[in-house]
Amino acid sequence: MPAVVPDDIDPRRIPAHVACVMDGNGRWAQRRGLKRTDGHAAGEEALFDVVDGALELGLDWLTVYAFSTENWRRPADEVKFLMGFNESILLRRRDELNERGVRMRFIGRRDWRVPKRLLRHMRETEELTAANRGMTFTMAFNYGGRPEIVDAVRQIVDEGIPPNKIDERTIAKHLYAPDMPDPDLMVRTSGEFRTSNYLLWQLAYSELVFTEVLWPDFRRENLFEAVAEFQRRERRFGGVDGA
Ligand code: IPE
Ligand code: IPE
Ligand code: MG
(Lines give C-alpha, C1' and ligand atoms only; values in the text may rest on other atoms or scores of the structure.)
(Ligands and ions follow the chains in the order given, each with its own letter.)
Protein backbone atom coordinates (compact mmCIF):
# COMPACT_ATOMS: atom_id res chain seq x y z
CA MET A 1 0.00 0.00 0.00
CA PRO A 2 1.47 3.37 -0.92
CA ALA A 3 1.83 5.66 2.06
CA VAL A 4 -0.54 8.59 2.31
CA VAL A 5 0.71 12.04 3.22
CA PRO A 6 0.92 11.88 7.04
CA ASP A 7 -1.07 14.15 9.34
CA ASP A 8 2.01 15.84 10.75
CA ILE A 9 2.52 17.59 7.42
CA ASP A 10 0.78 20.93 7.18
CA PRO A 11 -0.76 21.11 3.68
CA ARG A 12 -0.55 24.92 3.78
CA ARG A 13 3.22 24.89 4.16
CA ILE A 14 4.34 22.42 1.53
CA PRO A 15 7.67 23.48 0.01
CA ALA A 16 7.22 24.66 -3.57
CA HIS A 17 10.52 23.18 -4.69
CA VAL A 18 12.40 20.16 -3.34
CA ALA A 19 15.80 19.23 -4.71
CA CYS A 20 17.32 15.78 -4.09
CA VAL A 21 20.86 14.50 -4.30
CA MET A 22 20.34 10.84 -5.07
CA ASP A 23 23.46 9.41 -3.42
CA GLY A 24 24.57 6.02 -2.15
CA ASN A 25 23.77 3.72 -5.05
CA GLY A 26 27.29 2.30 -5.17
CA ARG A 27 27.41 1.57 -1.44
CA TRP A 28 23.94 0.00 -1.54
CA ALA A 29 25.17 -2.41 -4.22
CA GLN A 30 28.52 -3.11 -2.55
CA ARG A 31 26.78 -4.08 0.69
CA ARG A 32 24.87 -6.70 -1.24
CA GLY A 33 27.87 -8.03 -3.14
CA LEU A 34 26.48 -6.51 -6.34
CA LYS A 35 28.04 -4.27 -8.98
CA ARG A 36 27.84 -0.48 -8.51
CA THR A 37 25.71 -0.29 -11.62
CA ASP A 38 23.12 -2.59 -9.98
CA GLY A 39 22.81 0.12 -7.36
CA HIS A 40 22.02 2.72 -10.02
CA ALA A 41 19.41 0.39 -11.50
CA ALA A 42 17.84 -0.07 -8.05
CA GLY A 43 17.69 3.70 -7.69
CA GLU A 44 15.02 3.94 -10.37
CA GLU A 45 12.31 2.53 -8.10
CA ALA A 46 13.29 5.05 -5.43
CA LEU A 47 13.14 7.89 -7.91
CA PHE A 48 9.68 7.11 -9.20
CA ASP A 49 8.33 6.44 -5.74
CA VAL A 50 9.60 9.90 -4.82
CA VAL A 51 7.94 11.35 -7.94
CA ASP A 52 4.65 9.75 -6.79
CA GLY A 53 5.15 11.15 -3.30
CA ALA A 54 5.94 14.59 -4.69
CA LEU A 55 2.71 14.51 -6.71
CA GLU A 56 0.76 13.42 -3.61
CA LEU A 57 2.26 16.30 -1.67
CA GLY A 58 1.43 18.67 -4.50
CA LEU A 59 4.98 19.94 -5.05
CA ASP A 60 5.29 22.36 -7.93
CA TRP A 61 8.95 21.61 -8.54
CA LEU A 62 11.06 18.50 -7.97
CA THR A 63 14.68 18.51 -9.07
CA VAL A 64 17.05 15.55 -8.86
CA TYR A 65 20.79 15.27 -9.34
CA ALA A 66 21.33 12.47 -11.84
CA PHE A 67 24.86 13.09 -13.16
CA SER A 68 27.36 15.73 -12.12
CA THR A 69 30.10 17.37 -14.18
CA GLU A 70 32.48 15.57 -11.78
CA ASN A 71 30.96 12.14 -12.43
CA TRP A 72 32.96 11.87 -15.67
CA ARG A 73 35.86 10.92 -13.38
CA ARG A 74 34.28 7.54 -12.78
CA PRO A 75 35.37 4.35 -14.58
CA ALA A 76 34.39 4.44 -18.26
CA ASP A 77 32.04 1.47 -17.96
CA GLU A 78 30.09 3.10 -15.11
CA VAL A 79 29.79 6.37 -17.06
CA LYS A 80 28.63 4.44 -20.11
CA PHE A 81 26.07 2.58 -18.03
CA LEU A 82 24.72 5.84 -16.59
CA MET A 83 24.33 7.40 -20.05
CA GLY A 84 22.40 4.37 -21.34
CA PHE A 85 20.41 3.99 -18.14
CA ASN A 86 19.25 7.60 -18.10
CA GLU A 87 18.25 7.33 -21.73
CA SER A 88 16.30 4.17 -21.04
CA ILE A 89 14.52 5.80 -18.06
CA LEU A 90 13.42 8.65 -20.32
CA LEU A 91 12.10 6.38 -23.01
CA ARG A 92 10.29 4.06 -20.59
CA ARG A 93 8.85 6.70 -18.29
CA ARG A 94 8.13 9.84 -20.27
CA ASP A 95 4.71 8.87 -21.62
CA GLU A 96 3.42 8.05 -18.16
CA LEU A 97 4.82 11.27 -16.73
CA ASN A 98 3.27 13.17 -19.61
CA GLU A 99 -0.13 11.59 -18.98
CA ARG A 100 0.13 12.63 -15.36
CA GLY A 101 0.67 16.25 -16.36
CA VAL A 102 4.34 16.39 -15.35
CA ARG A 103 6.58 18.82 -17.22
CA MET A 104 10.07 17.42 -17.68
CA ARG A 105 13.19 19.53 -17.88
CA PHE A 106 16.94 19.04 -17.93
CA ILE A 107 19.57 21.35 -16.55
CA GLY A 108 23.28 20.95 -17.20
CA ARG A 109 25.79 21.35 -19.98
CA ARG A 110 24.57 19.86 -23.21
CA ASP A 111 28.07 19.42 -24.55
CA TRP A 112 29.91 16.90 -26.71
CA ARG A 113 30.46 14.58 -23.78
CA VAL A 114 26.78 13.65 -23.58
CA PRO A 115 25.82 11.13 -26.29
CA LYS A 116 23.93 12.84 -29.13
CA ARG A 117 21.05 10.39 -28.94
CA LEU A 118 20.53 11.12 -25.26
CA LEU A 119 20.58 14.87 -25.98
CA ARG A 120 17.93 14.31 -28.62
CA HIS A 121 15.74 12.29 -26.26
CA MET A 122 16.10 15.01 -23.61
CA ARG A 123 14.97 17.64 -26.08
CA GLU A 124 12.07 15.50 -27.30
CA THR A 125 10.97 14.80 -23.72
CA GLU A 126 11.00 18.52 -22.93
CA GLU A 127 8.97 19.24 -26.03
CA LEU A 128 6.50 16.43 -25.34
CA THR A 129 5.77 17.70 -21.83
CA ALA A 130 6.31 21.44 -22.31
CA ALA A 131 2.64 22.38 -22.14
CA ASN A 132 1.94 20.39 -18.97
CA ARG A 133 0.90 22.43 -15.98
CA GLY A 134 1.47 19.87 -13.24
CA MET A 135 4.71 19.45 -11.37
CA THR A 136 7.95 20.39 -13.10
CA PHE A 137 10.37 17.49 -12.72
CA THR A 138 13.90 18.57 -13.53
CA MET A 139 16.85 16.25 -13.93
CA ALA A 140 20.26 17.78 -13.37
CA PHE A 141 22.38 15.95 -15.89
CA ASN A 142 26.00 16.77 -16.70
CA TYR A 143 25.24 19.50 -14.19
CA GLY A 144 27.59 21.47 -11.97
CA GLY A 145 26.73 24.61 -10.05
CA ARG A 146 30.01 26.32 -10.89
CA PRO A 147 29.81 25.54 -14.62
CA GLU A 148 26.25 26.90 -14.52
CA ILE A 149 27.48 30.20 -13.06
CA VAL A 150 30.35 30.30 -15.57
CA ASP A 151 27.88 29.74 -18.41
CA ALA A 152 25.65 32.52 -17.05
CA VAL A 153 28.58 34.96 -16.87
CA ARG A 154 29.67 34.07 -20.40
CA GLN A 155 26.18 34.79 -21.68
CA ILE A 156 25.94 38.06 -19.81
CA VAL A 157 29.26 39.20 -21.27
CA ASP A 158 28.20 37.96 -24.69
CA GLU A 159 25.04 40.06 -24.48
CA GLY A 160 27.16 43.11 -23.68
CA ILE A 161 25.33 43.90 -20.44
CA PRO A 162 27.29 46.72 -18.73
CA PRO A 163 28.75 45.90 -15.27
CA ASN A 164 26.62 48.50 -13.45
CA LYS A 165 23.47 46.81 -14.81
CA ILE A 166 24.41 43.41 -13.41
CA ASP A 167 22.70 42.42 -10.20
CA GLU A 168 21.52 39.14 -8.66
CA ARG A 169 18.48 39.09 -10.90
CA THR A 170 20.69 39.31 -13.98
CA ILE A 171 22.65 36.24 -12.87
CA ALA A 172 19.47 34.35 -11.91
CA LYS A 173 17.93 35.13 -15.30
CA HIS A 174 20.91 33.56 -17.07
CA LEU A 175 20.92 30.23 -15.21
CA TYR A 176 19.85 27.08 -17.06
CA ALA A 177 16.23 27.31 -15.87
CA PRO A 178 15.56 31.00 -15.19
CA ASP A 179 11.94 30.37 -14.21
CA MET A 180 12.81 27.76 -11.61
CA PRO A 181 12.34 29.06 -8.05
CA ASP A 182 15.13 28.42 -5.55
CA PRO A 183 14.66 25.12 -3.71
CA ASP A 184 13.02 25.48 -0.32
CA LEU A 185 14.41 22.14 0.72
CA MET A 186 17.41 20.10 -0.36
CA VAL A 187 17.58 16.45 0.66
CA ARG A 188 20.74 14.41 0.39
CA THR A 189 20.83 10.68 1.06
CA SER A 190 23.65 8.33 2.13
CA GLY A 191 25.01 10.32 5.06
CA GLU A 192 27.21 12.68 3.06
CA PHE A 193 27.11 16.27 4.28
CA ARG A 194 27.98 18.26 1.21
CA THR A 195 26.41 19.78 -1.85
CA SER A 196 28.85 18.34 -4.44
CA ASN A 197 28.40 21.31 -6.76
CA TYR A 198 24.59 21.06 -6.79
CA LEU A 199 22.55 24.22 -7.42
CA LEU A 200 25.16 26.43 -5.76
CA TRP A 201 23.45 29.69 -6.58
CA GLN A 202 19.94 28.48 -5.88
CA LEU A 203 20.62 26.75 -2.53
CA ALA A 204 21.74 29.97 -0.80
CA TYR A 205 18.77 29.95 1.61
CA SER A 206 17.42 26.42 1.24
CA GLU A 207 16.82 24.22 4.24
CA LEU A 208 19.16 21.23 4.09
CA VAL A 209 18.10 17.78 5.27
CA PHE A 210 20.54 14.90 5.35
CA THR A 211 19.62 11.26 5.87
CA GLU A 212 21.67 8.09 6.26
CA VAL A 213 19.26 6.19 3.99
CA LEU A 214 20.96 5.09 0.77
CA TRP A 215 19.16 6.28 -2.34
CA PRO A 216 17.91 2.86 -3.56
CA ASP A 217 16.16 2.44 -0.16
CA PHE A 218 14.64 5.93 -0.22
CA ARG A 219 10.85 6.03 -0.61
CA ARG A 220 8.10 8.64 -0.51
CA GLU A 221 7.84 8.10 3.29
CA ASN A 222 11.39 9.41 3.56
CA LEU A 223 10.45 12.41 1.44
CA PHE A 224 7.48 13.05 3.75
CA GLU A 225 9.82 12.85 6.77
CA ALA A 226 12.12 15.40 5.15
CA VAL A 227 9.18 17.72 4.50
CA ALA A 228 8.03 17.32 8.12
CA GLU A 229 11.57 18.25 9.23
CA PHE A 230 11.47 21.24 6.86
CA GLN A 231 8.23 22.39 8.50
CA ARG A 232 9.85 22.25 11.95
CA ARG A 233 12.57 24.65 10.81
CA GLU A 234 12.30 28.37 11.14
CA ARG A 235 13.40 30.24 8.03
CA ARG A 236 14.67 33.71 8.86
CA PHE A 237 16.49 34.77 5.69
CA GLY A 238 18.82 36.88 7.78
CA GLY A 239 16.03 38.67 9.61
CA VAL A 240 14.80 38.41 13.19
CA ASP A 241 12.01 36.15 14.57
CA GLY A 242 8.55 37.61 14.30
CA ALA A 243 9.82 40.98 13.05
C1 IPE B 1 24.71 8.33 -6.71
O2 IPE B 1 25.23 7.17 -6.15
C3 IPE B 1 24.50 8.21 -8.20
C4 IPE B 1 25.40 9.03 -9.01
C5 IPE B 1 26.31 9.83 -8.56
C6 IPE B 1 25.24 8.91 -10.45
P7 IPE B 1 26.78 6.89 -6.12
O8 IPE B 1 27.16 6.14 -7.34
O9 IPE B 1 27.54 8.14 -5.88
O10 IPE B 1 26.90 5.94 -4.86
P11 IPE B 1 28.04 5.97 -3.76
O12 IPE B 1 28.08 7.36 -3.21
O13 IPE B 1 29.31 5.58 -4.44
O14 IPE B 1 27.59 4.96 -2.76
C1 IPE C 1 26.59 13.79 -6.30
O2 IPE C 1 26.98 12.55 -5.81
C3 IPE C 1 26.14 13.65 -7.73
C4 IPE C 1 24.91 12.89 -7.95
C5 IPE C 1 24.16 12.36 -7.04
C6 IPE C 1 24.53 12.75 -9.33
P7 IPE C 1 28.50 12.06 -5.86
O8 IPE C 1 28.52 10.70 -5.24
O9 IPE C 1 29.03 12.19 -7.22
O10 IPE C 1 29.22 13.13 -4.93
P11 IPE C 1 30.56 13.01 -4.08
O12 IPE C 1 31.61 12.47 -4.98
O13 IPE C 1 30.27 12.09 -2.94
O14 IPE C 1 30.82 14.39 -3.62
MG1 MG D 1 28.12 9.13 -4.24
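What you see is a predicted model; the values in this text were computed from it and never measured. First listed ligand is number 1; within each ligand, the first listed atom is number 1. The first residue of the sequence shown is numbered 1, and numbering continues consecutively from there.
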Below 4.0 Å from ligand 1: does a non-hydrogen atom of [X] turn up there or not?
| X | answer |
| --- | --- |
| H40 | yes |
| Q30 | no |
| G24 | yes |
| A66 | yes |

Task: Atom pair CG/CE of L90 and M104 - distance to nearest 0.5 Å - done: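 Nearest 0.5 Å value for the CG-CE distance: 6.0 Å.
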TODO: Please round to the nearest 0.5 Å and tell me the distance separating atom CZ of R74 and atom CD of E70.
DONE: 10.5 Å
Look only at interatomic distance and state if [X] has a nitrogen or oxygen under 3.5 Å from any nitrogen or oxygen of ligand 2.
| X | answer |
| --- | --- |
| D23 | yes |
| R74 | yes |
| R188 | yes |

Open item on the list: Can you tell me if M22 contacts ligand 2 (heavy atom of the residue under 4.0 Å from the ligand)?
Closed with: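 Checking ligand 2 against M22, which is what was asked, there is a heavy-atom contact under 4.0 Å.
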Looking only at atom types and distance, does a side-chain atom of [X] sit under 3.5 Å from a main-chain N or O of [Y], one as donor and one as acceptor?
| X | Y | answer |
| --- | --- | --- |
| N197 | R146 | yes |
| D52 | D49 | no |
| R103 | F137 | no |

Open item on the list: Is there a polar contact between ligand 1 and W28, counting only N or O atoms under 3.5 Å apart?
Closed with: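 No; every N/O pair is 3.5 Å or more apart.
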Open item on the list: Side chain or backbone, does N71 bring an N or O within less than 3.5 Å of an N or O on ligand 1?
Closed with: no
Open item on the list: Check this for me, if you would: do D179 and R105 make a salt bridge, where the nitrogen-to-carboxylate-oxygen distance has to be below 4.0 angstrom?
Closed with: yes
Task: Heavy atom of protein inside 4.0 Å of atom 2 (O) of ligand 2, strictly below - done: yes
Open item on the list: Which label fits H17 and W61: parallel for a plane angle under 30°, tilted from 30 to 60°, or perpendicular past 60°?
Closed with: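 H17 vs W61 ring planes: tilted.
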For [atom], the protein heavy atom that lies nearest, with its residue and separation:
| atom | answer |
| --- | --- |
| atom 10 (O) of ligand 1 | G26 N, 2.9 Å |
| atom 14 (O) of ligand 2 | S196 OG, 2.6 Å |
| atom 13 (O) of ligand 2 | R194 NH2, 2.8 Å |

- [ ] Check each atom of ligand 1 against the heavy atoms of R27 and keep those under 4.0 Å away; list them by number with element.
- [x] 11 (P), 12 (O), 14 (O)
Open item on the list: Under 4.0 Å from a heavy atom of F67: which atoms of ligand 2 are those, numbered in the order shown and with their elements?
Closed with: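 Checking each atom against F67, I get 6 (C).
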Task: Least distance between heavy atoms, Y205 atom then G238 atom - done: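 Looking at all heavy atoms of both residues, the closest pair is OH-N, 3.5 Å.
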Task: Closest non-hydrogen atom pair, V4 against F224 - done: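 The pair with the smallest heavy-atom distance is O-CE1, 3.8 Å.
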Task: N/O/S atom name from D23 that is nearest to the position of the Mg ion (ligand 3) - done: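 Minimum-distance N/O/S atom of D23 relative to the Mg ion (ligand 3) is OD1.
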Open item on the list: Tell me whether R31 forms a cation-pi arrangement with W28, defined as NZ or CZ under 6.0 Å from the six-membered ring centre and within 45 degrees of its axis.
Closed with: no
- [ ] Give the C-alpha distance, both sets of side-chain angles, the deciding distance and a yes or no for side-chain hydrogen bond (donor to acceptor under 3.5 Å, both in side chains) between D151 and Y176.
- [x] CA-CA 9 Å; D151 289 348; Y176 296 133; 2.6 Å; yes
